[in-house]
Student: 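Starting off with a structure, shown below.
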Amino acid sequence: MATPRRALVTGITGQDGSYLAEFLLGKGYEVHGIIRRSSSFNTGRIDGIYQDPHAKNGKLKLHYGDLCDANNLSKLMREVRPHEVYNLGAQSHVRVSFDMPIYTAETVAMGALKLLEAVRDFQQESGQQVRYYQASSSEQYGKVVETPQTETTPFYPRSPYACAKMMAHWATVNYRESYGLHASCGILFNHESPRRGETFVTRKITRAVGRIKLGLQDKIFLGNLDSKRDWGFAGDYVKMMWMMLQQEKPDDYVIATNKTISVKEFCELAFSHAGLDYKDFVAFDPRYLRPAEVDLLLGDPAKAKQKLGWVPTTTVEQLAAMMVDNDLELAKREKTLRDAGHEMPEFAGHDQ
């Protein structure tokens, strides 16, 4: 029986990490995830696929670690001996990065550099090739200089998060060109799902739809309603991460739907799916504006389609409906708890 391929995933407890872990397990991989130590459980997104790490047939194994700890990353590389490394870990909230710029840079930019060094050292010591995926971001385009954005569009970052992502991106390219690493960047445009964190604007909207429909909330407060984004389904996009690492030569790819809509239009889609008019419930709050706004992002995935045969399968309309249906069910459970006199879990949707 052939030994399964091993993958090491940072950020495995996040939206993308959970979908990627499921996908890789379905491909027969042995998946190792890095999680940060916390006083509370933060593995909710992967509880359904997690097995006892001591079980001989366990294919998903979790390890404590942190992108800020270079020594730990090197130790994990030697312990896991992965064939593929997916760097999805980050302080990933753009608005929060203005409040925590140094921490964002340490985790996103320096974290990627430390992981690349760990990969390079392990590959040199062991002679085993490691294929590396870097989660780059459409936020790197920032104040866009051309539309749509492609792999050759210059970056113009407009947040500490985007600046850090840009360094991580170019570090990956540099290690590919300097040391011959099989290292690829996926420049993913906004990708959402029912697993999206509740402080991100799409999930904040769909959570509010469910709660408003069930009488648990009156309004939702948002910032820039006119900003436009290219939104896709995270479950589609993680497949592309894997596809990049199966190519003979590493490269960088834009992953997007080539369609953009505004936050206001996403509100309309989400509220109308529940039979509501968003105008009755959406209010503007300047606290949610960023110091520097990104007005428009629209990705051109032509290269991914041409070279890899990848196309997104979920439209933004289907995505909004999927998320609202999920959050209506969540709101129903909350209402049942409230009606039974139990304390309801706190709704976290306060950032945009």
Student: Checking Arg196 against Phe200: charged group under 6.0 Å from the ring centre and within 45 degrees of the axis?
Tutor: yes
Student: Indicate yes or no: does Arg120 engage Glu117 in a salt bridge with an N to O separation below 4.0 Å.
Tutor: yes
Student: Checking side-chain polar atoms at under 3.5 Å, does Ser227 have a donor or acceptor matched by the opposite partner on Asp295?
Tutor: no
Student: Using only heavy-atom distances, determine whether the side chains of Gln91 and His93 contain a donor-acceptor pair under 3.5 Å.
Tutor: no
Student: Ion pair present between Lys307 and Asp251, side-chain N to carboxylate O less than 4.0 angstrom?
Tutor: yes
Student: Please answer whether the main-chain N or O of Met243 pairs with a side-chain N or O of Gln247 as donor and acceptor at a distance below 3.5 Å.
Tutor: yes
Student: Determine whether Asp121 and Met77 make a side-chain contact, defined as any pair of heavy atoms from C-beta on separated by less than 4.5 Å.
Tutor: no
Student: Considering residues at least two apart in sequence or located in another chain, which fulfil the side chain to side chain donor-acceptor pair (under 3.5 Å) criterion with Ser97?
Tutor: none
Student: Output all residues satisfying side chain to side chain donor-acceptor pair (under 3.5 Å) with Trp242, sequence neighbours left out; order by chain, then residue number.
Tutor: Tyr29
Student: Within a reach of under 6.0 Å around CG of Asp218, are more than 12 heavy atoms found that belong to other residues, nucleotides or ligands?
Tutor: no
Student: Does Glu334 come within less than 4.0 Å of Arg207, counting only side-chain N to carboxylate O?
Tutor: yes
Student: Sequence neighbours left out, what pairs pass salt bridge (charged side-chain N to carboxylate O under 4.0 Å, His left out) with at least one residue falling in residues 173-182?
Tutor: Arg176-Asp252
Student: Does anything in residues 312-323 form a side-chain hydrogen bond (donor to acceptor under 3.5 Å, both in side chains)? List the pairs, not counting sequence neighbours.
Tutor: Asp236-Thr313, Asp236-Thr314, Lys259-Glu317, Thr315-Glu317, Thr315-Gln318
Student: Under 3.5 Å, side chain of Gln134 to main-chain N/O of His169, donor-acceptor pair present?
Tutor: no
Student: With distance as the sole criterion, is a donor-acceptor pair present between the side chains of Gln123 and Tyr179 under 3.5 Å?
Tutor: no
Student: Say whether His63 and Asn72, considering side chains only, have a donor N or O and an acceptor N or O under 3.5 Å apart.
Tutor: no
Student: Does the Asp230 side chain pair with the main chain of Gly299, one donor and one acceptor, at a distance under 3.5 Å?
Tutor: yes
Student: For Phe284, look at atom CZ and say whether over 12 heavy atoms of other residues, nucleotides or ligands are found less than 6.0 Å away.
Tutor: yes
Student: Judged by modelled atom types alone, do Thr10 and Asn87 share a side-chain donor-acceptor pair under 3.5 Å?
Tutor: yes
Student: Checking the side chain of Ser159 only, and the main-chain atoms of Ala162 only, is there a donor and an acceptor separated by less than 3.5 Å?
Tutor: yes
Student: Test the Lys204-Tyr288 pair against the cation-pi criterion, namely NZ or CZ under 6.0 angstrom from the six-membered ring centroid and within 45° of the ring axis.
Tutor: yes
Student: If you look only at pairs with a residue in residues 99-137, which of them pass as a ring pair (Phe, Tyr, Trp, His ring centres under 6.0 Å), with sequence neighbours excluded?
Tutor: none
Student: Counting only N and O atoms by type, is there a donor-acceptor contact under 3.5 Å from the side chain of Glu198 to the main-chain atoms of Arg203?
Tutor: no
Student: Please find the pair of heavy atoms, one from Thr257 and one from Pro312, that lie closest to each other, and give the distance.
Tutor: CA-CG, 4.0 Å
Student: Would you check if there is a donor-acceptor pair between the side chains of Gln246 and Glu84 at a distance under 3.5 Å?
Tutor: yes
Student: Ring centres under 6.0 Å, that's the criterion: do Phe266 and Phe271 meet it?
Tutor: no
Student: Write out all pairs satisfying salt bridge (charged side-chain N to carboxylate O under 4.0 Å, His left out) with one or both partners inside residues 261-281, taking only residues at least two apart or from two chains.
Tutor: Asp226-Lys264
Student: Under a 4.5 Å cut-off applied to non-hydrogen side-chain atoms, are Arg95 and Thr199 in contact?
Tutor: no
Student: Within the supplied structure, the quantity of interest is the number of heavy atoms (other residues, nucleotides, ligands) at a distance under 6.0 Å from Lys305 NZ; does it exceed 12?
Tutor: no
Student: Closest heavy-atom contact between Gly223 and Leu289?
Tutor: C-CD2, 4.0 Å
Student: Taking the side chain from Thr107 and the backbone from Thr104, do they hold a donor-acceptor pair closer than 3.5 Å?
Tutor: yes
Student: Is the gap between the ring centers of Phe155 and Tyr141 under 6.0 Å?
Tutor: yes
Student: Go through it in stages, so that I can follow the logic: the residues are Phe23 and Tyr237, the test is ring pair (Phe, Tyr, Trp, His ring centres under 6.0 Å), and I'd like the CA-CA distance, side-chain angles, deciding distance and then a yes or no.
Tutor: CA-CA 11 Å; Phe23 178 80; Tyr237 285 24; over 10 Å; no
Student: Is the side chain of Lys165 donor-acceptor paired with the backbone N or O of Ala135 at a distance under 3.5 Å, no angle test?
Tutor: yes
Student: So, the side chain of Arg131 versus the backbone of Leu245: is there a donor-acceptor pair under 3.5 Å, distance only?
Tutor: yes
Student: State plainly whether the residues Glu293 and Arg229 are in salt-bridge range, i.e. N to O under 4.0 Å.
Tutor: no
Student: Without swapping roles, check the side chain of Glu151 against the backbone of Val254 for a donor-acceptor pair under 3.5 Å.
Tutor: yes
Student: Would you check if Val324 and Lys213 make a side-chain contact, meaning some heavy-atom pair closer than 4.5 Å?
Tutor: no
Student: Main chain of Glu30, side chain of His32: is a donor-acceptor contact present, judged purely on distance under 3.5 Å?
Tutor: no
Student: Looking just at side-chain N and O atoms, do Asp300 and Thr150 make a donor-acceptor pair shorter than 3.5 Å?
Tutor: no
